[in-house]
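Presented below is the structure to which this report refers.
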Amino acid sequence: MEYLLFTLAGTAYGFLFGLIPVAGAGTALITVYSFIDYFRADPYLLVAFTTAIVVASTLGDSFASVVMNIPGAGGSAATMVDGFPLAQQGQSARALSAAMTTSVVNGLIWGAAVFLFLPVYAELIVSVGIPEILAFLLLAFCSVIFINSQYWVRGILALLIGIVLGLVGQDPNTGAERWTLGWTYLGDGIQFAPLLAGILAFPELLEAYRKRDNSLATPVLNSRQQIWQGITDSWRHRWDGLRGGVIGAVVGVIPGIGGNVADWLAYGQTVAANRHETVPFGSGNIKGVIGCEGANNSQKATSYVPTVLFGIPGAPFEVIIISLFMLVGLELGSPALLTDFTFFTHLTNSYMISLVVSFVIGVVFIRYAVMITRLPFAYYFWPIMTLLVWASVQYTGLWEDYVFFAICCVAGVLFKYLKLSRAALIIGFALADRLEGTGLQYLKLYDWSDILTRPISGTVMLLAVIAVIYGLF
């Protein structure tokens, strides 16, 4: 019963953050650092709570995208293209209903494929050695630098900065401090919470706050009729939704990419597959909403595969999951966790329950949820900032925590302004220790060519090359 209550609490918490423009799963998960101590006695409660947050925020994201033309998070940006024109035509409830129905159906399909069989996949990991892990790390790096292929050089620079930051602290070989610039505070390494809050969350919140006075006409809602119409739209155009689900699933299993790429790929394929529409895409075509929303929850589900099995984040938000779990003693990718069926049970149950409950919440309270998105952003900004600051100063509680958080906020704004990939920085930071350890082991135990000649690692390296070529051209 306790796990169910925490799943429901995580669902409500995630759905609320999904409604808040530009917040989404990442910001919601970062705030969990501020009350992480509540989960130390029973880490599986954190599994239930955070998984529910991820699922529910994904559904909640659609509201701001459709009603306000502001993405709830990166993974719902493409929904705005046709969702907002529908809202301007007084069809918000229809667009939201179609979006949620498609997202939930694909979430159930791919959630079942992933979570019900994760223990089986875990048994196959015994054939994965150091060359395979190193290959997956390199694939993650090759993928993340091309999230914005127009600025891939900056992606490489951001990735390198992230790796350097991840290696700050104690040298595992000598025990000596390295790259701390003489600041004792960094002796144990850079802390996750202030870095994530400052780099990922603060720049988006600041931008939304700057635009807080932008006003939009409140859309007309004929809820019941439009909700049913959206559900039937989702069924009539199910192949567009299922295609988006497949695209999201493929993107999710590739380490490091994230939902914004899946969202736009799915939208692009929907447009390409429906070239002769009477309602042009971008002016309120419901297929545009259904196609990209099919990718959202499927991508979230499959991103857990590399995260759980290898400890390599399938998306930027999974970096936060890895860090939170580690704080309560759950190390993703470790042999102990891969044989922990209690962990897999709570992961699966919380995902499925939250998916269904958040859909019910969205449909039943669709009118009121839309009203919440109409609140001025100033009402959201200060409470969220308070949580982010509180989460970021738990390391020592002294002035240095506040200074370092401020440094991370400034760095986050600069990275956003200079179009340096913040996702690449975070992925590089999260995997720096893993890259160092795995790389040193590989050099000691293997020949340089072994990574290319072994079947699994060779295949993964081929995928990395394809990712680079695709990103360049």
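Owing to the predicted nature of the structure, the values given are computational and were not obtained by experimental measurement. Just so you know, residue 1 is the first one in the sequence shown, and it goes up from there.
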Check ring pair (Phe, Tyr, Trp, His ring centres under 6.0 Å) between [X] and all other residues, then give those that pass, not counting sequence neighbours.
X    : answer
Y304 : F115
F405 : none
F141 : none
F381 : Y209

If you define the side chain from C-beta out and look only at heavy atoms, does anything of [X] sit under 4.5 Å from [Y]?
X    : Y    : value
I320 : V32  : no
L159 : S421 : no
V357 : L8   : yes
L337 : E331 : no
T31  : F17  : yes
V66  : F84  : no
L324 : F39  : no
D42  : Y3   : yes

Review point. Salt-bridged, E318 to K300, with N to O below 4.0 Å?
Key: no
[X] and [Y]: which non-hydrogen atoms are nearest, and at how many Å?
X    : Y    : answer
F341 : P119 : CE2-CB, 3.5 Å
S392 : P194 : OG-CA, 3.5 Å
F415 : A158 : CE2-CB, 4.0 Å
P203 : K416 : CB-CD, 3.7 Å
S62  : L96  : O-CD2, 3.6 Å
P280 : N285 : O-CB, 4.0 Å

Check your understanding: Should we say atom CZ of F117 is surrounded by more than 12 heavy atoms from elsewhere, each under 6.0 Å from it?
Key -> no
Checking [X] side chain against [Y] main chain: does a donor-acceptor pair fall under 3.5 Å?
X    : Y    : result
N297 : G107 : no
S34  : A391 : no
R238 : W235 : yes
S303 : G252 : no
T386 : W382 : yes
Q394 : W390 : yes
Q226 : A93  : yes
R422 : I199 : yes

Please check if any side-chain donor atom of [X] sits under 3.5 Å from a side-chain acceptor atom of [Y], or the reverse.
X    : Y    : result
S234 : T102 : yes
E293 : T79  : yes
T58  : N296 : no

**Study point:** Worked check of side-chain contact (heavy atoms from CB on, under 4.5 Å) between F343 and L338
**Key:** CA-CA 9 Å; F343 167 78; L338 294 178; over 6 Å; no
How long is the span from the [atom1] atom in [X] to the [atom2] atom in [Y], to the nearest 0.5 Å?
X    : Y    : atom1 : atom2 : answer
F359 : S354 : CZ    : OG    : 13.5 Å
L414 : K419 : CG    : NZ    : 13.0 Å
Y395 : F404 : OH    : CZ    : 10.0 Å
I286 : D240 : CD1   : CG    : 11.0 Å
F317 : I322 : CZ    : CD1   : 10.0 Å
L327 : L46  : CG    : CG    : 9.0 Å

Check your understanding: So Y44 and H346, would you call those rings parallel, tilted or perpendicular, with 30° and 60° as cut-offs?
Key -> tilted
Check your understanding: Looking at Y351, F325, Y13, which one forms a ring pair (Phe, Tyr, Trp, His ring centres under 6.0 Å) with F49?
Key ->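 It is Y13; the other options fail the test.
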Exercise for review: Sequence neighbours left out, what passes side-chain contact (heavy atoms from CB on, under 4.5 Å) with I231? Give chain and number order.
Suggested key: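 side-chain contact (heavy atoms from CB on, under 4.5 Å) list for I231, sorted by chain: S97, T101, I227, W228.
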Point to revise | Chi angles and distances behind the side-chain contact (heavy atoms from CB on, under 4.5 Å) call for I426, L196 | key: CA-CA 7 Å; I426 294 300; L196 292 169; 3.7 Å; yes
**Study point:** Selection residues 276-291 - residue pairs positive for salt bridge (Lys or Arg N to Asp or Glu O under 4.0 Å), sequence neighbours left out
**Key:**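 For residues 276-291: E277-K287.
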Check your understanding: When you look at L425 and L420, which way does the side-chain contact (heavy atoms from CB on, under 4.5 Å) test go after all the steps?
Key -> CA-CA 8 Å; L425 181 143; L420 288 163; over 6 Å; no
Check your understanding: Between T11, T51, L355, which is the residue that forms a side-chain contact (heavy atoms from CB on, under 4.5 Å) with S350?
Key -> T51
Check your understanding: Given the rule in the ring-ring contact (aromatic ring centres under 6.0 Å, His included) test, do Y33 and F192 qualify, once you have shown the distances and angles that lead to the verdict?
Key -> CA-CA 9 Å; Y33 284 101; F192 257 111; 7.5 Å; no
Practice item. Decide side-chain contact (heavy atoms from CB on, under 4.5 Å) for V104 and V356; before the verdict, give the C-alpha distance in whole Å, the side-chain angles of both, and the deciding distance to 0.1 Å. Key: CA-CA 7 Å; V104 167; V356 175; 5.8 Å; no
